[in-house]
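One structure is given here, and the rest of the page talks about it.
Numbers restart at 1 for each chain; the letters A, B, ... are given by sequence-line order, proteins then strands.
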Amino acid sequence: MLQVNNILAEKEKYVAGLKKRNINNATALLNEVIQLDESRKKTQQELDSNLAEANTIAKQIGALMKQGRKEEAEQIKTRTAELKQLNKELADRLNEIQSELTHKLYNIPNVPHESVPAGTSADDNEEIKKAGEIPQLHGQAVPHWDLIKKYDIIDFDLGVKIAGAGFPVYKGKGARLQRALVNYFLDEAVKAGYAEVQPPIVVNEASGYGTGQLPDKEGQMYHVQAENLYLIPTAEVPITNLYRDVILNESELPVKNVGFTPCFRREAGSWGAHVRGLNRLHQFDKVEIVQIRKPEESYQALNEMCAHVEHLLNSLNLPYRILKLCGGDMGFTSALTYDFEVYSAAQEKWLEVSSVSNFETYQANRLKLRYKDENKKSILLHTLNGSAMALPRIMAAILENNQDENGIAIPEVLHMYTGFERI
RNA sequence: AGAGGAGUGGCGGAGUGGUCGAACGCGGCGGUCUUGAAAACCGUUGUACCGCAAGGUACCGGGGGUUCGAAUCCCUCCUCCUCUGCCA
């Protein structure tokens, strides 16, 4: 969430930033926050000085009791009774103000980086690069949902039988290809200096709030009611939350983690005729890279992460484009996001396979993730993450783009992982 | 899952109603000494909020309660350990 002190210091900048996200009452919104913070301070001052008085009296009573001056002690107690009542009210009011304030802040998205274009939808995203060659498919080429049936490598009906729509069963070479991609992505990340972690795939409420899925995306996560746990929508949640309530030493920076997990998304309301095959699932595999950086290094790190994703796409021979998301299409917590899309040649569509974001201090502020600088001052860190990469759409593109009359060619870098070169 | 025990500062570990943000040890940082280092000695060493500052307030697993006053007593939740049971 945003920091009130920064809002105070640079209000105009914040208003302008939020306007890019099409929040038109930004001024009013921020004023409310500022006002709440003021009354928070006032109330706390009052409470603190009352508490100080109560503490003093309590000490006096203690001293009097020791000397056996019971009557005098009893007399002073009338004042503490008053204070007690008063302080209870003040504390309640402070709590109320505080929760109203956090509630407000929870519902204000991050302020976009200055380079983020204005816009209202995906149509306004800025294409900043296009690379790779779009393959010419043979006359009988078909989309991946036909290919997976033809070669019996992914079975949606079986998934429906045991779970529901959007939970495919990978079989034979399909399963092996999936595993190959996971291993390849993990190995490449480790080569690039990321430390591998294997986190739980359920998280508690505090973690959901830490990275901003709660309360913003409450309805998009599967909820395990009996335990009050959420199935993770992305490894970002557990991996970033490893550093919740942590003060790092400067020498521990930068943090670079990579993790492979299944991801679960309810995708409530986002199904339609255009969603077929692997394009959108309730459960999918993803390798995620996460970095924690000093503020002054975070944009350099963002570029580094983008370069890593590009390297993966190039090595798999997939045509791709990079979009800089506009204010209207960016995630709630992000300051700057690049989306990577691959071209899936049979369905003739661009599919998002990676999203790389810098959250600046927005998550860190919720997470209380800081480091100590050389003056022993606590500084909020910047968090970043990116998919490297999401599997199903990569799979779709590989299958479609590499098909010929006799089968499907597997990209060369994967051969040592699959153990076969064709499907 | 049942029975018992325990959760204190970076770590170890005292403290069972007042003078405790918390003894002591280790570690860290600064200094003395040394050609340098080690040892020894001296000093220092949590986080957040409010305040120009002096200073104040809160925090001893989380939440609630008793009391003039709670690390200390009560309730509840969480976590860990031991034994028993079960299980991949």
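Residue contacts for A:K41: at a heavy-atom cut-off of 4.0 Å it reaches the sugar-phosphate backbone alone, with no base atom in range. Backbone-only engagement by A:L51 is indicated by non-hydrogen atom pairs under 4.0 Å involving sugar-phosphate atoms exclusively. Among the heavy atoms of the strands, none lies under 4.0 Å from A:R79. Looking at heavy-atom distances under 4.0 Å, A:S49 makes no contact with the nucleic acid at all.
For the pair A:K377 NZ and B:rG46 P, the computed distance is 18 Å after rounding to whole Å. We find that CD of A:Q3 is positioned 15 Å from C1' of B:rC49, with the value rounded to whole Å.
For A:A52, taking side-chain heavy atoms from C-beta onward, the closest of the listed nucleotides B:rC68, B:rG56, B:rA48 is B:rG56. Of the listed nucleotides (B:rU57, B:rU47, B:rC50), B:rU47 has the atom at the smallest distance from the side chain of A:I247. Listed nucleotides: B:rG51, B:rG69, B:rG56. Nearest to the side chain of A:A58: B:rG69. Closest to the side chain of A:K77, from the set B:rC50, B:rU47, B:rC68, is B:rC68. Out of B:rG18, B:rG56, B:rC50, the shortest distance to the side chain of A:R40 is found at B:rC50. Side-chain atoms of A:K88 lie closest to B:rG65 of the nucleotides B:rC50, B:rG65, B:rC68.
In this entry B:rA1 has B:rU84 as its Watson-Crick or G-U wobble partner, both defining distances falling under 3.5 Å.
For A:N55 and B:rU57, the shortest distance from a side-chain N or O to OP1 or OP2 is below 4.0 Å. Residue A:R370 has no polar side-chain atom (N or O) positioned under 4.0 Å from OP1 or OP2 of B:rU47. For the pair A:K84 and B:rG69, the criterion of a side-chain N or O lying under 4.0 Å from OP1 or OP2 is met.
Cation-pi check for A:K173 over A:F420 is met; the charged atom lies under 6.0 angstrom from the ring centroid and within 45 degrees of its normal.
With P as the reference atom, B:rG15 and B:rA23 are 14 Å apart, rounded to whole Å.
At a threshold of 4.0 Å, the pair A:K191-A:D187 does not count as salt-bridged, since none of the basic side-chain nitrogens sits closer than that to a carboxylate oxygen.
Minimum heavy-atom separation, A:R244 to A:A206: NH1-CB, 3.7 Å.
Mapping A:G62 and A:K372 onto RNA chain B by nearest heavy atom places A:G62 closer to the 5' end of the strand.
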